[in-house]
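Residue numbers start at 1 and run along the sequence shown.
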Amino acid sequence: MYGERVSRVPDAVLWWSTAPGSATPGRRVLPDGCMDVIWADGALLVAGPDTAAHVVTDRPGARYVGLRFGPGTGPAVFGVPARELRDLRVPLDDLWPGAEARRLTDRAGEAADVGPAQGSALGPVLGAVLEEEAARRLGATHRPVDTALVGCVVEGVRAGRPVTRIAADTGIGERRLHRRCLDAFGYGPRTLGRILRMNRAVDLARGGTPPAAVAAVAGYADQAHLSREVRSLTGVTLGALIR
């Protein structure tokens, strides 16, 4: 079971899921340029920006609630550059002062106990706790989101613009842009562009668009290019992803 809604935190999505009650094959979490704080059966962890699909084997019946921060937003919440968390899953108390991490863990645990007891869905009830803390940290952070840079880069790579053009649009050199992107997204603009384009392609394919049309609409040279990129970033074919 999976559900999600747009978060009250800017550029974030609240999601929740419960694993099946019996053992299932590992599921693939695709790279998307995002970072998450995840409550996983009582523990809080942070998922950094992935460069390839992350395969998760769930315990039967495992429960998860997560707050997914859009590209460039996570570092302001977690207090570290995105590059330091690339391809990692780390306990929240590795990043925050112990007292702050314990306080949020305790509050999340209380919400997890109270929500189902009152007949409320676990995700929205526990998620509200995560949203409140994320909003507080975004308001108090000394590492504010550079919304102008983030917006310019994300818009540029989604439009398929060359890095030289994106750098010119942001008013900084290519090398400095690359360093800023590593801090904001965990990788440079070219890698971010590949990941966002692949996600758009997968969404189109899941919506029933034929592969050749997916390649054209998403900006690939041809269907073979689409196939290579999907396999490179996810480890499987496009057909396997949407089955």
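- Between the side chain of D50 and the backbone N or O of A53 there is no donor-acceptor pair closer than 3.5 Å.
- Side-chain atoms of D58 never come within 3.5 Å of backbone atoms of P60 as a donor-acceptor pair (strictly under, hydrogens ignored).
- T105 contributes a side-chain N or O that, together with a main-chain N or O of A101, makes up a donor-acceptor pair within less than 3.5 Å.
- Without hydrogens or angle criteria, H178 side chain to E174 main chain gives no donor-acceptor distance under 3.5 Å.
- Aromatic ring pairs are classed by plane angle as parallel below 30°, tilted from 30° to 60° and perpendicular above 60°; the pair F78 and W96 is tilted.
- With contacts defined as side-chain heavy-atom distances shorter than 4.5 Å, the pair R200/V217 qualifies.
- Remark: R27 is positioned above the aromatic ring of Y64, its terminal NZ or CZ atom under 6.0 angstrom from the ring centre and at most 45 degrees off the axis.
- In this structure, the salt bridge (Lys or Arg N to Asp or Glu O under 4.0 Å) partners of R107, at least two apart in sequence or on a different chain, are E132.
- A salt bridge links R83 and D183; the closest N-O separation between the charged side-chain nitrogens and carboxylate oxygens is under 4.0 Å.
- Contact annotation: the side chain of Y220 approaches that of M198 to within less than 4.5 Å [non-hydrogen atoms, C-beta and beyond].
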Please assess S7 against L67 for the test side-chain contact (heavy atoms from CB on, under 4.5 Å), listing each intermediate value before the final yes or no.
-> CA-CA 8 Å; S7 174; L67 193 56; 3.6 Å; yes

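- Put simply, V29 and I242 are part of two different groups of oily side chains (I, L, V, M, F, W, Y) that touch within less than 4.5 Å, one to the next.
- With hydrogens and angles ignored, the 3.5 Å screen pairs no side-chain donor or acceptor of R5 with any backbone N or O of W15.
- Salt-bridge check for D41 with R59: passed, with a basic side-chain N closer than 4.0 Å to an acidic carboxylate O.
- Within 6.0 Å of the CZ atom in R175, the count of heavy atoms belonging to other residues, nucleotides or ligands does not exceed 12.
- At a threshold of 4.5 Å between non-hydrogen side-chain atoms, the residues P20 and M1 do not count as touching.
- From L192, atom CG reaches atom CZ of R158 across 8.0 Å, with rounding to the nearest 0.5 Å.
- At distances below 3.5 Å, not a single donor-acceptor pair connects side-chain atoms of T191 with backbone N or O atoms of Y187.
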For R102 and D93, run salt bridge (charged side-chain N to carboxylate O under 4.0 Å, His left out): C-alpha distance rounded to whole Å, both residues' side-chain angles, the deciding distance at 0.1 Å, then the answer.
-> CA-CA 8 Å; R102 285 192 298 274; D93 57 15; over 6 Å; no

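- Using a cut-off of 4.0 Å between Lys/Arg side-chain N and Asp/Glu carboxylate O, E100 and R137 are scored as salt-bridged.
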Evaluation steps, side-chain contact (heavy atoms from CB on, under 4.5 Å), between L226 and D222 | CA-CA 7 Å; L226 165 65; D222 51 32; over 6 Å; no

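- Between D169 and R165 there is a salt bridge, since a side-chain N of the basic residue sits under 4.0 Å from a carboxylate O of the acidic one.
- Between D36 and F69 there is no side-chain heavy-atom pair separated by less than 4.5 Å.
- Results of the side-chain contact (heavy atoms from CB on, under 4.5 Å) test with R68 over D32, D11, I38, V9 single out D32 as the only residue that passes.
- Side chain of R63 to backbone of T18: no donor-acceptor contact under 3.5 angstrom is found.
- A donor-acceptor pair under 3.5 Å is formed between the side chain of T209 and the backbone N or O of L204.
- Counting heavy atoms from C-beta outward, V157 and V163 have side chains that stay 4.5 Å or more apart.
- Checked against salt bridge (Lys or Arg N to Asp or Glu O under 4.0 Å), R8 has the following partners two or more places apart in sequence or in another chain: E131.
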